[in-house]
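Notes for the one structure printed next.
This chain uses plain numbering: 1 for the first residue, then up along the sequence. Every number for a ligand or one of its atoms is a count from 1 in the order of the listing.
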Amino acid sequence: MATIEKVDVLITNPTRNFVTLKVTTSDGVTGLGDATVNGRELSVASYLRDHVAPILIGRDPEQIEDTWQYLYRGAYWRRGPITMAAIAAVDVALWDIKGKTAGKPVYQLLGGAVRRGLLAYGHASGAELPQIFDSIREHQEEGYRAIRVQTAVPGLGQVYGVAAAGATAAGRYDYEPARPGLRPTEETWDTRAYMRHLPTVFEAVRAEFGPEIPLLHDGHHRMTPNQAGQLGRALEPYDLFWLEDCTPAENQEGLRRVRSMTTQPLAIGEIFNTIWDYQTIISEQLIDYVRSAVTHTGGITHLKKIMDFASVYQIKSGFHGPTDISPVGQAAALHLGLAIHNFGIQEYMRHSDETLSVFETSYTWQDGLLHPGDTPGLGVEYHEDAGASYEYSPAYLPVNRLSDGTMHDW
Ligand code: EZ4
Ligand code: CO
């Protein structure tokens, strides 16, 4: 029997920080897992290096479920983004090893493909309508069939999720920033101004682009349940594919209020990390799409369980796929998405060329569809020399304050 012989934590910063776990077996097979938690990278690195690596050595790499339970139950301190990202990294690395050992892509081990490719959506945004329209057109030219639309808000300055004026597709990292520096930048927020403005943007976008194209929007947890219900109603004429993170969902019952007010499809979960975070909103059918990332939800093993639970309630996947999910995390999501029946849509933004020089991927993007490829395992190679040339430096998401200085959800 092969055993786990070596566990390395690789940190790199090719335009943004990534933490990657590399597990090596006594047979010389290696597996990769993504352990990146945007803005808290070193906490996961320490969790893995100081507390997980030593107890993995000597274990059987084939025992994925048992290793998952060992790390989850064995820690005593369960759940939480740092723990669950660390467990996810181990889980995904073991799936990668199992695939390479079997000579099959991971999706084959999960039951095989149930579709030809994965419908993906990209992020269009702009300060004013002409820029938003240009951004949507650019995405259509790149092949996207579904598009998220984010807008600046009159009276507010830079808003998270919106590209700065003049940003081109290739240089659009500025709209989804973790800005380098020792502390986060601060943005001013006004929910009522946003709620007045947003429906006018969707009205204009539908008038310009017609009724067919699936449009999405991310509310970034900024509304109360009642406000979320109001905004959902106001957007109903524009037939959104989904409204994402309309309200913070730590209080899952809050979604009952939203659901009773609007038929707008809802997507939630990018900051959730276990099936328990979804218990009420799935079993009461309060959402339509699960937003989790493999990276932040305990890996393929645990997210598959969430999706099987969701399937009972006709709830589909809409896995988180921004660029702070590394290509390893993205590949893991693609293998899972290809194999589950209740796949819905996959978020996809191309990583920077620097990132792709460290992480060599075999997933493909064609006619608006993603496919994980047929390389055994996950299909991602990590170039350690390239990775080592980009040093970690702290970078944080902005924080939001109201005009009176109060901290706000963003
Ligand atoms: O803010 O990935 O839907 N996508 C998002 C992202 C998140 C970042 C947080 O790290 O909301 O842009
Ligand atoms: Co989001």
Side-chain angles (χ1 to χ4, degrees), residues 13 15-19 34-44 81-82 84-85 88 120-125 135 139 144 146-151 158-164 167 172-180 184-185 187 189 194 198 214-223 228 231 240-250 264-273 277 287-297 317-330 333 344-352 355 394-400 408-410:
N13 184 7
T15 63
R16 71 186 315 153
N17 293 308
F18 295 108
V19 180
D34 179 21
T36 309
V37 174
N38 201 4
R40 294 293 183 272
E41 294 86 358
L42 300 185
S43 305
V44 196
I82 306 303
M84 298 309 288
Y121 74 90
H123 292 197
S125 71
S135 179
H139 280 82
Y144 283 100
I147 296 177
R148 183 181 99 157
V149 177
Q150 304 296 120
T151 174
Q158 175 67 37
V159 169
Y160 183 74
V162 179
R172 291 177 57 85
Y173 284 74
D174 58 338
Y175 72 104
E176 202 220 15
R179 292 204 189 97
T185 54
E187 294 176 355
W189 183 249
Y194 159 74
L198 190 67
L215 297 175
L216 302 81
H217 179 73
D218 191 344
H220 283 303
H221 326 261
R222 284 159 163 159
M223 288 159 280
L231 184 72
L240 265 56
F241 183 96
W242 79 34
L243 175 60
E244 172 184 344
D245 286 335
C246 61
T247 192
E250 289 98 322
Q264 184 61 68
L266 302 175
I268 279 192
E270 71 182 48
I271 64 170
F272 286 0
N273 43 74
D277 297 329
I287 58 168
D288 301 275
Y289 295 94
V290 164
R291 280 291 285 147
S292 276
V294 167
T295 303
H296 299 137
T297 321
S317 69
F319 298 150
H320 199 208
T323 48
D324 52 285
I325 302 293
S326 86
V328 174
Q330 185 73 357
I345 198 166
Q346 173 65 52
E347 184 177 23
Y348 173 58
M349 307 154 69
R350 192 176 180 276
H351 284 96
S352 67
T355 297
Y396 295 100
L397 293 164
V399 299
N400 274 219
H408 193 260
D409 295 298
W410 59 269

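Of all heavy-atom pairs between R179 and P398, the closest is NH1-CB, 4.3 Å. Nearest heavy atoms, A395 versus A178: CB-O, 3.2 Å.
Taking the Co ion (ligand 2) as the apex, the angle formed with OD2 of D218 and OE1 of E270 is 180°, to the nearest 10 degrees.
Atoms of ligand 1 lying under 4.0 Å from any heavy atom of D218, numbered from 1 in the order shown and given with element: 3 (O), 4 (N), 5 (C), 11 (O). Proximity to E347 (heavy-atom distance under 4.0 Å) selects the following atoms of ligand 1: 3 (O), 4 (N). For ligand 1, the atoms closer than 4.0 angstrom to any heavy atom of P322 are 2 (O).
Separation of atoms CD (E244) and NE2 (H217) is listed at 9.0 Å; rounding is to 0.5 Å.
Polar contact check, Y121 against ligand 1: no nitrogen or oxygen pair lies under 3.5 Å apart. The distance criterion of under 3.5 Å between nitrogen or oxygen atoms is not met by H123 with respect to ligand 1.
Atom OE2 is the N, O or S atom of E244 at the shortest distance from the Co ion (ligand 2).
T295 pairs with exactly one of T36, D324, D34 by the side-chain hydrogen bond (donor to acceptor under 3.5 Å, both in side chains) rule, that one being D34. Among W242, Y121, F241, the one residue that satisfies the side chain to side chain contact (heavy atoms under 4.5 Å, CB included) test with R148 is Y121.
Within the 4.5 Å cutoff, side-chain heavy atoms of N38 are placed close to those of R16. Counting heavy atoms from C-beta outward, H296 and I271 have side chains that stay 4.5 Å or more apart.
At a heavy-atom distance under 4.0 Å, only side-chain atoms of R148, from C-beta outward, approach ligand 1.
Among H221, E270, H296, the residue whose heavy atom lies nearest to atom 11 (O) of ligand 1 is E270.
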